[in-house]
Amino acid sequence: MLLPKKGNIPTPLDVQRKRLPIYQAKPQLLNQLRQLPSAILIGETGSGKTTQIPQYLYEAGIGRQGVIAITQPRRVAAISLAGRVAEETRTSLGKLVGYTVRFEDVTSSETKLKFMTDGMLLREAIGDPLMLRYTVVVLDEAHERTMHTDVLFGVVKTAQRRRRELNKVPLKVIVMSATMDVDLFSDYFNKSPVLYLEGRQHPIQIYYTKQPQSDYLQAALITIFQIHQEAPPSHDILVFMTGQEEIEALARTCRDISKHLPDGCGPMLVIALYASLPPAQQLRVFQPAPKGCRKVILSTNIAETSVTISGIKYVIDTGMVKSKRFNPDSGLEILAVQRVSKAQAWQRAGRAGREDSGLCYRLYTEDEFDKLIPMTVPEIQRCNLSGVILHLMALGIPDVLNFDFMSKPLPGAIHAAVVQLELLGALEKKEQQVTLTALGKKMASFPLEPRYAKAILLSPDFSCSEEVLGIVSLLSVDTVLYNPPTRRDEVLAARRKFTSSEGDHMTLLNIYRAFKKVSGNKEWCRENFVNSRNMGLVKAVQAQLREICLKLNMKLESCGSDTVSVRRCLAHGMFVNAAELQPDGSYVALDSHQSVAVHPSSVLFQAKPAYVVFNELLHTSRCYMRDLCLVDAEWLVDAAPEYFSRKLRHAKS
DNA sequence: GAGCACTGC
């Protein structure tokens with residue numbers, strides 16, 4: 001993302017800019033981009049396209065009547081790119097060049113080049129479906145095919161067509177991608193021309209195993225130490241693995257073995273890298289190893305795109321990844337270890353060639369590589385679509401069921417989303433036409449899953465908005481609980497103070513209330529194993545949600561210690577995720593009739609309440625309900641009488 | 001009696 005610094009004397013910015021491969025192509029590029037309504041721009045890493053294209057357009061006066069938006073899948077990328085381009089244009093950030101991400105808007109009326117997350121542009125579009133403030137939209141990193149980017153493809157294409165029909169200022173669309181999916185992008189955007197940019201990637205030598213490996217961890221271990229014995233110590237190794245547990249285990253093994261190596265073999269610094277690691281520990285991957293010591297980084301796919309580490313000479317690719325899959329029939333998400341795609345394998349290999357030539361050891365045969373699927377399945381085909389469908393409806397897309405997706409979701413997934421939104425009262429279906437209800441419109445204004453939005457909108461009826469806003473905010477961050485496995489007993493003792501027999505939601509609310517009482521004191525967080533950074537995020541989310549409520553003229557009250565009201569409200573919002581205790585002591589999810597179990601991390605693990613609502617189902621070793629709230633059957637029936645008259649064992653009608 | 005890849009509004 002950022003340009004490498006060479007030597008101690010900084011090269012002037014304009015010289016740096018002219019050295020980029022893209023500079024040579026500037027005249028032809030501008031000539032084409034000026035004329036084309038849409039273009040696909042293919043460029044390798046290091047071509048400079050993301051920082052230069054927006055400046056070229058601006059300098060050439062293309063799209064000067066409005067703002068040029070450049071979208072990124074990740075916040076950090078949007079922020080740092082804006083910083084870089086502001087520097088290059090010698091302007092201060094927030095003037096000519098700015099950025100907008102959630103909770104942060106560094107733009108002004110002067111801003112012409114606006115870097116933003118794709119999710120942010122999508123949210124803005126609710127108030128402005130034609131995207132009239134923009135003259136150019138640049139969709140960067142399109143090959144990643146995030147859910148937001150995929151929805152944006154359709155939204156931008158629709159806006160472009162509508163603006164032409166209405167004789168408005170035209171909207172230029174530029175899709176930027178790495179070398180893949182080229183034809184798919186071009187076909188989708190009305191056979192737009194594809195422009196290729198030269199990159200600055202260094203050559204990478206690929207090695208395959210001769211035989212398929214039954215144990216990729218063992219194979220990784222052997223490969224690490226082979227490289228360690230042969231290569232110069234300044235050559236660092238990056239190993240792609242699937243998850244925290246196996247990374248920590250292999251890290252221990254490597255550290256043990258490296259203590260007992262023969263003379264002549266230098267020391268080794270083994271570093272684990274995964275997202276749930278505290279930020280301070282994540283930063284360790286950037287520190288150079290002491291002289292004569294080799295750095296070995298064991299990482300999840302976080303190092304594929306989100307974290308870029310310099311100095312990597314060797315990549316070891318296990319060929320495996322942990323990812324979510326979605327079964328539309330059961331509505332179930334499955335988290336499972338599976339093979340990577342070819343595109344992903346190339347992305348991993350590319351991490352070895354960022355500053356110099358590199359080597360990549362694939363722990364599978366060439367034959368196995370050939371059998372990998374070419375592209376990772378786009379996220380839109382792997383997840384629950386109720387939020388997406390609601391969002392599209394709020395954008396006023398006329399025929400949502402036949403929305404022009406670049407890659408169609410499974411028909412079952414769209415159907416499941418519509419059914420769920422109907423149950424929540426967000427949609428009405430009349431003769432094959434679905435329309436948004438007034439409630440649905442309000443629901444769409446929250447950056448939340450529809451069922452959480454519903455719970456918030458119902459909360460004034462139960463006079464517990466403050467509590468529900470808190471709970472929903474707590475649920476929408478990763479986790480506020482910190483569970484170091486080595487201090488289990490201490491964690492349990494600390495948490496007992498807050499534990500509620502009414503479930504995890506109320507327990508979380510107790511923790512949040514205590515946190516606010518001590519004004520977010522860091523020491524208190526440490527003592528109580530609370531992640532203070534994520535708690536800070538909870539506060540920001542709550543503030544955002546409260547603002548939306550106020551705009552909707554909602555009356556926000558607190559119910560104090562009346563926890564029954566809170567649980568009733570949650571039952572009304574989350575009734576689709578209800579489960580019922582069976583005579584044999586097991587649970588059945590009422591929606592899918594799937595047999596489910598209470599996750600052992602729940603405070604209700606040993607309790608056996610007759611009815612619960614839960615946040616999500618996750619299929620790992622079993623199908624687990626996570627984050628449970630104890631409810632009464634009557635509340636569920638009250639929330640959706642017709643639905644539950646079919647579902648409940650002991651339904652009272 | 002488990003364990004959760006990664007993003008984002």
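In this text, all values refer to a predicted model and were calculated from it rather than measured experimentally. By convention in this document, chain letters (A, B, ...) are assigned in the order of the sequence lines, proteins followed by strands, and residues within each chain are numbered from 1.
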Which nucleotide in the set dT7(B), dC9(B), dG1(B) lies at the smallest distance from any side-chain heavy atom of Ser306(A)?
dT7(B)
Short side-chain N/O contact to dC9(B) OP1/OP2 from Arg75(A), under 4.0 Å:
yes
Specify the residue among Glu245(A) and Leu448(A) whose closest nucleotide of DNA chain B lies further upstream toward the 5′ end.
Glu245(A)
What is the distance, to the nearest angstrom, from the CD atom on Gln72(A) to the C1' atom on dT7(B)?
13 Å
Give the nucleotide from the list dG1(B), dA5(B), dC9(B) with an atom nearest to the side chain of Ser323(A).
dA5(B)
Rounded to whole angstrom units, what separation is found between the CD atom of Glu616(A) and the P atom of dG3(B)?
13 Å
Under 4.0 Å, heavy atoms only, any strand: does Tyr274(A) hit a base, just the sugar-phosphate, or nothing?
sugar-phosphate
Winner on side-chain proximity to Gln244(A), out of dA2(B), dC6(B), dA5(B), is dA5(B)
Starting from C1' on dG1(B), measure out to CG on Leu492(A) and report it in whole angstrom.
12 Å
Verify the contact: side-chain N or O of Thr146(A) to OP1 or OP2 of dC6(B), cut-off strictly under 4.0 Å; return yes or no.
no
Check: Arg102(A)/Gln544(A) side-chain N/O donor and acceptor closer than 3.5 Å:
yes
I need the CG-P distance between Leu395(A) and dC9(B), as an integer number of Å.
17 Å
Residue whose nearest DNA chain B nucleotide is more 5′ - Thr117(A) or Leu273(A)
Leu273(A)
Closest to the Tyr624(A) side chain, choosing from dC9(B), dA5(B), dG3(B)
dG3(B)
Need one value for Thr300(A): base, sugar-phosphate or nothing, where a base atom within 4.0 Å counts as base even if backbone is also close, heavy atoms only.
sugar-phosphate
Report the distance from atom NE2 of His599(A) to atom C1' of dA2(B), rounded to the nearest whole Å.
5 Å
Side chain of Ala275(A), heavy atoms from C-beta onward: which of dC9(B), dT7(B), dA2(B) has the nearest atom to it?
dT7(B)
Return the value, rounded to whole Å, for the distance between atom CZ of Arg102(A) and atom P of dT7(B).
15 Å
Students often get this wrong, so: under 4.0 angstrom with heavy atoms, is Arg74(A) touching a base, only sugar-phosphate, or nothing?
sugar-phosphate
Lys/Arg-Asp/Glu bridge criterion (N-O < 4.0 Å) met for Arg74(A), Glu144(A)
yes
Rounded to the Å, how far apart are Ile247(A) CD1 and dA5(B) P?
8 Å
Nearest-0.5 Å distance, CG of residue Leu152(A) to OG1 of residue Thr146(A)
8.0 Å
Could you check whether Arg133(A) pairs with Glu124(A) (Lys NZ or Arg NE/NH1/NH2 to Asp/Glu carboxylate O, under 4.0 Å)?
yes
Verify whether the ring centers belonging to Phe153(A) and Phe185(A) lie closer than 6.0 Å.
yes
Rounded distance in Å - CD1 (Ile380(A)) to P (dT7(B))
20 Å
